[in-house]
Number of protein chains: 4
Amino acid sequence: MGRFVRDGGTEEHSPVRPVYQRIAADLRAQISAGVLAPGATLPSERDLCERYGCVRFTVRQALAALEADDLVGPVQGKGRFVTSRRP
Amino acid sequence: MGRFVRDGGTEEHSPVRPVYQRIAADLRAQISAGVLAPGATLPSERDLCERYGCVRFTVRQALAALEADDLVGPVQGKGRFVTSRRP
Amino acid sequence: MGRFVRDGGTEEHSPVRPVYQRIAADLRAQISAGVLAPGATLPSERDLCERYGCVRFTVRQALAALEADDLVGPVQGKGRFVTSRRP
Amino acid sequence: MGRFVRDGGTEEHSPVRPVYQRIAADLRAQISAGVLAPGATLPSERDLCERYGCVRFTVRQALAALEADDLVGPVQGKGRFVTSRRP
DNA sequence: GTGGTCTAGACCACC
DNA sequence: GTGGTCTAGACCACA
């Protein structure tokens with residue numbers, strides 16, 4: 001048991017894209033696909049932590065990337081929302 | 001001092017055997033002896049640098065040797081651990 | 001001794017601007033003033049930690065703000081540099 | 001104890017005395033008794049939530065009371081500590 | 001409950 | 001040495 005792999009895959013030596021980029025890409029895809037429609041609330045940071053099996057810091061790195069692209073926006077005390085207008 | 005062999009009593013590091021091998025051997029011994037038991041956390045790279053009076057690159061050479069033998073394994077953000085299973 | 005203030009000032013209840021914003025403003029000022037000229041190397045993240053008495057994460061938040069404004073840029077394994085061209 | 005008051009044997013929380021006061025009194029007692037010695041770390045807000053079966057807001061009300069009396073003090077990112085000096 | 005700030009470390013990739 | 005990624009928490013402001 002208990003080896004020291006990170007993502008438990010079967011591949012030998014992947015390029016190891018950072019976890020936060022993988023999360024960002026995943027969310028980006030959901031937004032593109034309309035699973036997360038404009039105006040929709042994203043799962044909370046803590047939910048995303050559980051879903052992706054990482055800590056809040058890593059999730060926030062992913063969300064920061066989406067915010068930089070203006071795909072989502074935060075609202076203090078309420079959550080994050082998919083941006084309505086598309087540039 | 002120094003006759004033919006130079007494993008020297010008190011000098012800090014022999015000029016022949018690479019420092020990283022000496023560090024690796026030292027850690028290997030501690031694992032064999034159970035000082036570092038399976039599952040135990042190794043000292044951090046920086047701790048080992050201080051302890052052995054060398055730079056990180058050298059320490060990492062030593063650790064790479066132990067990893068190649070699957071004696072220890074790294075976990076991102078947490079540290080290095082003595083491998084549980086024995087091959 | 002040892003009370004629980006954060007910035008050791010004498011004020012009663014300041015608005016408490018986040019530490020990273022204070023650091024960012026400080027560096028921004030040095031760049032504007034030419035103390036840090038275009039092409040210059042910034043102090044390392046770890047140096048800035050000591051200088052401002054905080055951890056790396058906080059320093060990186062400040063640096064991220066400057067990078068967002070394209071005032072500085074990172075180079076893997078070398079350091080951060082003040083951007084040459086001014087927009 | 002309990003003469004006029006009804007601190008009730010087994011029920012979870014009295015309907016009269018606010019929960020936050022009960023928590024504050026409990027922590028105050030632990031500090032007086034030295035269970036929580038000067039300089040000691042208090043349990044985290046979330047731990048106290050679990051321990052007392054209430055939400056964070058309530059725990060924070062209790063902690064605010066202790067802070068007002070300068071019995072404990074918060075340190076960003078580290079926790080709350082029992083104040084060293086006694087007024 | 002939410003997101004925002006912060007501590008105190010770790011290992012990783014690269015020079 | 002540098003910056004890059006990550007862990008595992010904490011308290012803070014706001015609703």
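Quick caveat: nothing in here was measured; it's all calculated off a predicted structure. The sequence lines fix the lettering, A, B, ..., with proteins before strands; numbering per chain opens at 1.
- Between the P atom of E:dG3 and the CD atom of A:Glu67 lies a distance of 10 Å, rounded to the nearest Å.
- Among the nucleotides E:dC11, F:dC11, E:dG3, the one closest to any side-chain atom of D:Arg60 is F:dC11.
- Regarding A:Phe57, its CZ atom lies at a distance of 17 Å from the P atom of E:dG9, rounded to whole Å.
- Taking every heavy atom of residues 42-55 of chain B and every atom of DNA chain F, no pair lies under 4.0 Å.
- As a whole-Å value, the separation of A:Ile23 CD1 from F:dT5 P is 13 Å.
- Between F:dC14 and A:Lys78, no contact under 4.0 Å exists linking OP1 or OP2 to a side-chain N or O.
- Residues D:Ile23 and D:Cys54 approach most closely at CD1-SG, 3.7 Å, considering heavy atoms.
- Comparing A:Thr58 and A:Gly77, the nucleotide of DNA chain F nearest to each residue sits closer to the 5' end for A:Thr58.
- In the set E:dT7, E:dT5, E:dG3, the nucleotide with an atom closest to the side chain of C:Tyr20 is E:dT5.
- Ranked by how close their nearest DNA chain E nucleotide is to the 5' end, B:Gly79 and A:Gly79 are led by A:Gly79.
- At least one side-chain heavy atom of B:Asp69 sits less than 4.5 Å from a side-chain heavy atom of B:Arg28.
- More than 12 non-hydrogen atoms from other residues, nucleotides or ligands lie less than 6.0 angstrom from CD of C:Gln21.
- To the nearest 0.5 Å, atom CD of residue B:Glu67 and atom CZ of residue B:Arg60 are 8.0 Å apart.
- Rounded to whole Å, atom P of E:dT2 lies 13 Å from atom CG of A:Leu63.
- In this structure, A:Leu27 CG and A:Arg22 CZ are separated by 10.5 Å, a value rounded to the nearest 0.5 Å.
- Residues B:Thr58 and B:Tyr52 fail the side-chain proximity criterion, which asks for heavy atoms closer than 4.5 Å.
- When the nucleotides E:dC14, F:dC11, F:dC6 are ranked by their closest atom to the side chain of D:Gln76, F:dC11 comes out on top.
- Counting only heavy atoms from C-beta outward, the side chains of D:Val72 and D:Leu36 never approach each other to under 4.5 Å.
- If you take CZ of A:Phe81 and C1' of F:dA15, they are 11 Å apart, rounded to a whole angstrom.
- D:Thr41 meets the side-chain contact (heavy atoms from CB on, under 4.5 Å) test with D:Phe81; sequence neighbours excluded.
- Here C:Arg80 lies in heavy-atom contact (under 4.0 Å) with sugar-phosphate atoms only.
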Strand DNA chain F as a dot-bracket string - pairs counted if Watson-Crick or G-U with both distances under 3.5 Å, | where the partner lies in another strand:
||||||||||||||.

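- Atom pair C:Gln61:CD and F:dG3:P shows a separation of 17 Å (rounding to whole Å applied).
- A distance of 6.0 Å separates CG in D:Leu42 from CD1 in D:Ile31, rounded to the nearest 0.5 Å.
- Which of E:dG3, E:dC6, F:dG3 sits closest to the side chain of B:Arg56 comes down to F:dG3.
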